[in-house]
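Working notes, structure below.
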Amino acid sequence: AAHKPLAGRRALVTSGPTHEPIDPVRYIANRSSGKQGHAIAGALARLGAAVTLVSGPTRLPDPPGCAVVPIETAREMLAACEAALPADVAVCAAAVADWRVAGASDRKLKKDGGGPPALALAENPDILATLSKAGERRPALVVGFAAETGDVVATATAKRARKGCDWIVANDVSLGTTTFGGADNTVHLIRESGVESWPTMGKDAVAARLAEAVAAHFQTV
Ligand code: C5P
């Protein structure tokens, strides 16, 4: 039906931060609220897609119509994404921690007079790049996000090539610091065919417009 253009399509969305344990009670995280990713999952579901939302810890309700897989770490997020394949479209909106603590302690670290512990970091898997290079398991359409300052479009265009995804939604995070946690977003949609700069709008409106673009893409392929 025209109002459910994504009926029969499978979508995978990542959202939220990841939490990377230091020990059983402490972790490294970031300020991602999950609002944009959750809104995208909900918008794709409203257009009829069967949506799996793989999300780090957020304060948000589950978007209606989505199967939500809660995870904490980047490695758990990657495993959950791989388990959710095959998918027609993947949208990676999560703010994945670039690094985890190497050899996180399974006992609470103590102040033992020996000074603060040195935390060694290890690189986390890049979920967007992994999905983009997944060979025959690769979703037909892979969409990434890029939070940038400065020359937002040029930097995000380079990121699109480096990650191997099809589209990049570039956020301008220099326009105040309200994108992280805020209700509005100012984005550029970067595709092979060129760049669309969208006006500042609510994250729900960005999500609805992105879901429409996904639906239009599948109508023309
Ligand atoms: O490299 P950068 O973190 O700026 O890239 C942002 C994009 O890559 C987002 O789509 C984010 O969800 C994704 N990403 C990922 N796994 C990582 C790091 C980033 O999926 N480890």
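Both ligands and their constituent atoms are indexed starting at 1 by order of listing. By convention here, the first residue in the shown sequence is residue 1.
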How far apart are the C-alpha atoms of L189 and W198, what are their side-chain angles, what is the distance that settles it, and do they pass the side-chain contact (heavy atoms from CB on, under 4.5 Å) test?
CA-CA 8 Å; L189 177 59; W198 296 357; 3.8 Å; yes
Note every protein N or O atom lying under 3.5 Å from an N or O atom of ligand 1, pairing the names and giving the distance.
{"from": "ligand 1", "atom 1": "1 (O)", "to": "K163", "atom 2": "NZ", "distance (Å)": "2.9"}
{"from": "ligand 1", "atom 1": "4 (O)", "to": "K159", "atom 2": "NZ", "distance (Å)": "2.4"}
{"from": "ligand 1", "atom 1": "5 (O)", "to": "K163", "atom 2": "NZ", "distance (Å)": "3.1"}
{"from": "ligand 1", "atom 1": "8 (O)", "to": "K163", "atom 2": "NZ", "distance (Å)": "3.2"}
{"from": "ligand 1", "atom 1": "10 (O)", "to": "C92", "atom 2": "O", "distance (Å)": "2.6"}
{"from": "ligand 1", "atom 1": "10 (O)", "to": "F145", "atom 2": "N", "distance (Å)": "2.7"}
{"from": "ligand 1", "atom 1": "10 (O)", "to": "F145", "atom 2": "O", "distance (Å)": "3.3"}
{"from": "ligand 1", "atom 1": "12 (O)", "to": "C92", "atom 2": "O", "distance (Å)": "3.2"}
{"from": "ligand 1", "atom 1": "12 (O)", "to": "A94", "atom 2": "O", "distance (Å)": "2.7"}
{"from": "ligand 1", "atom 1": "16 (N)", "to": "I127", "atom 2": "N", "distance (Å)": "3.0"}
{"from": "ligand 1", "atom 1": "20 (O)", "to": "I127", "atom 2": "N", "distance (Å)": "3.4"}
{"from": "ligand 1", "atom 1": "20 (O)", "to": "L128", "atom 2": "N", "distance (Å)": "2.8"}
{"from": "ligand 1", "atom 1": "21 (N)", "to": "P125", "atom 2": "O", "distance (Å)": "2.8"}

Name the residue from V91, I168, L128 that meets the side chain to side chain contact (heavy atoms under 4.5 Å, CB included) definition with F145.
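When V91, I168, L128 are each tested with F145, the side chain to side chain contact (heavy atoms under 4.5 Å, CB included) holds only for V91.
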Side chains of residues 104-115: which donor-acceptor partners sit under 3.5 Å, not counting sequence neighbours?
{"from": "S105", "atom 1": "OG", "to": "R107", "atom 2": "N", "distance (Å)": "3.0"}
{"from": "S105", "atom 1": "OG", "to": "R107", "atom 2": "O", "distance (Å)": "2.5"}
{"from": "D112", "atom 1": "OD1", "to": "G114", "atom 2": "N", "distance (Å)": "2.9"}

Salt bridge or not for R160 and E192, using N-O below 4.0 Å?
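Yes.
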Mind listing the side-chain donor-acceptor pairs of residues 69-80 below 3.5 Å, one per line with the distance, residues two or more places apart or on another chain?
{"from": "T73", "atom 1": "OG1", "to": "E76", "atom 2": "N", "distance (Å)": "3.0"}
{"from": "E76", "atom 1": "OE1", "to": "E72", "atom 2": "N", "distance (Å)": "2.8"}
{"from": "E76", "atom 1": "OE1", "to": "T73", "atom 2": "N", "distance (Å)": "3.2"}

So, using side-chain hydrogen bond (donor to acceptor under 3.5 Å, both in side chains) as the criterion, who are the partners of D166 when residues are at least two apart?
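With sequence neighbours excluded, D166 shows a side-chain hydrogen bond (donor to acceptor under 3.5 Å, both in side chains) to R138, given in chain and number order.
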